[in-house]
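Here the structure comes first, spelled out in structure tokens, and everything after it is commentary.
All chains are named by letter (A, B, ...) in the order of the sequence lines, taking the proteins before the strands, and each is independently numbered beginning at 1.
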Amino acid sequence: MAESSRHFIQQMIDADLAEGKNDGRVHTRFPPEPNGYLHIGHAKAICISFGLAEEYGGLTNLRFDDTNPTKEDVEYVDAIREDIKWLGYKPTGGEFFTSDYFDQLYNYSLKLIDDGKAYVDDQTSEQIASQKGTPTEPGTHSPFRERSPQENRELFEKMKAGECDEGSRVLRAKIDMANPNMHMRDPIMYRIMFATHHRTGDKWCIYPMYDFAHGQSDSIEGITHSLCSLEFEVHRPLYDWYIENLDIFPSRQTEFARLNLNYTVMSKRKLLRLVEDGVVDGWDDPRMPTISGLRRRGYTPESIREFISRVGVAKRENIIDVGLLEWALRDDLNRVAPRVMAVINPIKLVITNYPEGQIEWLPSVNNPEDPESGTREIPFSKELWMEADDFKIEANRKWFRLAPGKTVRLKSAYIIEYENHICDENGNVTEVHVKYFENSKSGSDTSGIKAKGTLHWVERNHAIDAEVRQYDRLFADEAPDGHKDKDFTEFLNPNSLEILSNCKLEPSLADAQQGTTYQFTRLGYFTPDSKNSREGALVFNRAVTLRDGWKG
RNA sequence: UGCCCCAUGGUGUAAUGGUAACACACCUGAUUUUGGUUCAGAUAUUCCAGGUUCGAGUCCUGGUGGGGCAACCA
């Protein structure tokens with residue numbers, strides 16, 4: 001973890017600290033809007049804000065940015081809390097809601113009205129939009145711009161009292177309709193919405209806009225470093241304007257580039273569509289780039305944090321290869337995942353010279369990367385299941401697995417040699433017959449035979465049946481939402497889910513733990529599906545395959 | 001044709017005026033009772049043009065390219 005180079009935000013904080021700014025405090029916040037589930041892009045924001053505070057011995061607030069009751073819901077609040085906790089972070093500075101500050105925000109707006117810096121506009125949204133100008137032309141003033149503070153105050157109080165229709169009036173800041181930054185052209189502060197808020201109920205019928213709420217909320221909480229993504233960069237002058245004109249604690253906003261991953265979409269709107277259209281099995285579908293989806297898929301929090309740290313922090317637009325995320329998972333799981341044997345496309349393997357009815361319990365290493373992990377015993381007998389892919393009728397010398405004339409080792413057991421095979425009427429191999437070398441037992445091999453390949457297997461009578469779901473990327477295109485004139489759903493990968501229902505697992509998996517990801521030897525990493533796996537009807541999700549170095 | 005941001009191997013990220021580095025990917029080879037892991041090695045990089053300087057990826061000017069901004073969304 002000893003990274004010598006410091007990214008630009010760390011350098012900024014270092015400089016602030018050196019200057020003695022904020023009495024040496026570092027206080028960040030993570031401000032999700034509870035209108036959807038968190039995704040891997042949010043994980044970056046979480047790791048930055050929580051991680052930086054941790055690093056500097058500071059605090060982080062979790063603040064739900066709930067200023068738009070028509071889009072927000074408590075379901076999302078709970079999911080967001082859980083995801084943050086699962087990632088391993090705690091809101092050390094407390095948990096808040098922007099709605100906690102509605103009274104304070106209202107008082108702030110009164111101050112701006114009294115100072116002649118805000119006014120009530122009676123125009124329609126269309127009229128206001130048409131006066132806004134364009135990026136290249138200045139806007140024009142509203143006819144209501146010069147109302148007196150007294151009149152504005154009376155009108156605004158009426159708005160608050162519910163005496164005005166939705167859409168009939170707004171409160172705007174009086175800044176500069178000719179400003180080259182569109183956000184400074186008399187931005188709307190409050191709009192009327194007769195909507196029940198998930199926390200404040202029907203207390204309010206006016207709700208503050210993001211810009212009028214965010215900076216002040218930061219300020220109220222004493223946030224020193226307000227870190228957000230690049231698209232808010234143009235909002236910063238307004239963020240600063242409100243703080244300055246309200247004369248409140250000067251939180252500082254700093255922007256970094258958000259995380260983009262190839263072969264997926266990352267906007268909440270698009271993810272919501274996949275959920276609503278039933279393309280996926282909810283926000284936590286294992287193919288979704290959501291935190292909950294990755295969790296269900298079998299990702300570990302450690303792997304996600306490692307991934308985020310590898311991705312870095314900068315201001316440059318970036319598209320990260322999803323392969324890096326998979327690498328981070330393998331890197332973590334290789335160290336910690338228990339190894340087990342599972343055959344997902346089973347065919348029969350008969351050891352012709354092994355005694356009928358005999359069972360041996362053979363020790364097998366739980367994790368060769370972890371000497372502490374010990375061994376467990378797995379049953380072995382004359383009839384086993386082997387992987388269909390591990391047998392080929394015609395094979396060349398580069399084929400290390402079973403084929404006519406080939407000799408291989410059965411993992412943790414014996415070396416076997418091909419004798420015969422049986423096909424069904426379609427020519428598919430259904431059964432392979434081999435002989436074993438009794439003196440080649442794992443750990444006490446005196447046979448002197450060298451087998452190039454090692455196969456996994458499961459004893460036939462002790463095998464547990466299970467369903468295995470193998471996932472591939474949800475989209476077949478690197479940038480599914482990067483095509484003009486083409487909807488991102490056109491690039492859905494039709495093979496993103498493959499369900500195998502006749503899989504055979506070693507008996508120890510009968511009590512596979514939810515939340516544990518196992519390595520199925522030679523296949524990949526798998527975890528029980530949190531939604532569908534039951535005792536006696538196990539369902540496993542494949543998190544990721546093993547790296548495949550074989551160029552056959 | 002306004003304002004803001006950005007530009008370093010295939011992908012990311014460093015180098016803070018002094019030998020362009022690290023990770024992932026890719027390719028070789030070694031080891032291996034997982035074609036995994038591990039280890040060793042190879043290939044490959046400063047958008048362009050001027051300027052400042054003994055010296056520029058870094059500073060300046062001008063281009064070019066990419067992204068963002070005109071919701072009563074956040």
Which value, in whole Å, describes the distance between the [atom1] atoms of nucleotides [N] and [M]?
N      : M      : atom1 : value
B:rA23 : B:rU32 : C1'   : 25 Å
B:rA44 : B:rU8  : C1'   : 13 Å
B:rA15 : B:rA21 : C1'   : 7 Å

Worksheet item: How about A:Tyr108 and A:Tyr242: are their ring centroids closer than 6.0 Å?
Response: no
Can you tell me the Watson-Crick or wobble partner of [N], both distances under 3.5 angstrom?
N      : answer
B:rC22 : B:rG12
B:rU58 : none
B:rC3  : B:rG68

The residue, A:Ala413 or A:Arg547, whose nearest nucleotide of RNA chain B is more 5′ is A:Ala413
Measure from the side-chain heavy atoms of A:Thr521 and tell me the nearest of B:rC24, B:rU34, B:rC73.
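Of the candidates, B:rU34 comes closest.
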Check every atom of B:rC73, B:rA14, B:rU13 against the side chain of A:Arg191 and return the nucleotide holding the closest atom.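 Of the candidates, B:rC73 comes closest.
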Exercise. Ion pair present between A:Lys270 and A:Asp481, side-chain N to carboxylate O less than 4.0 angstrom?
Worked result: yes
Side-chain donor or acceptor of [X] under 3.5 Å from a matching atom on the base of [N]?
X        : N      : answer
A:Arg401 : B:rG35 : yes
A:Arg409 : B:rU33 : yes
A:Glu369 : B:rU38 : no
A:His235 : B:rA74 : yes

request  = Walk me through it: do A:Tyr190 and A:Val170 pass the test side-chain contact (heavy atoms from CB on, under 4.5 Å)?
outcome  = CA-CA 6 Å; A:Tyr190 270 95; A:Val170 291; over 6 Å; no
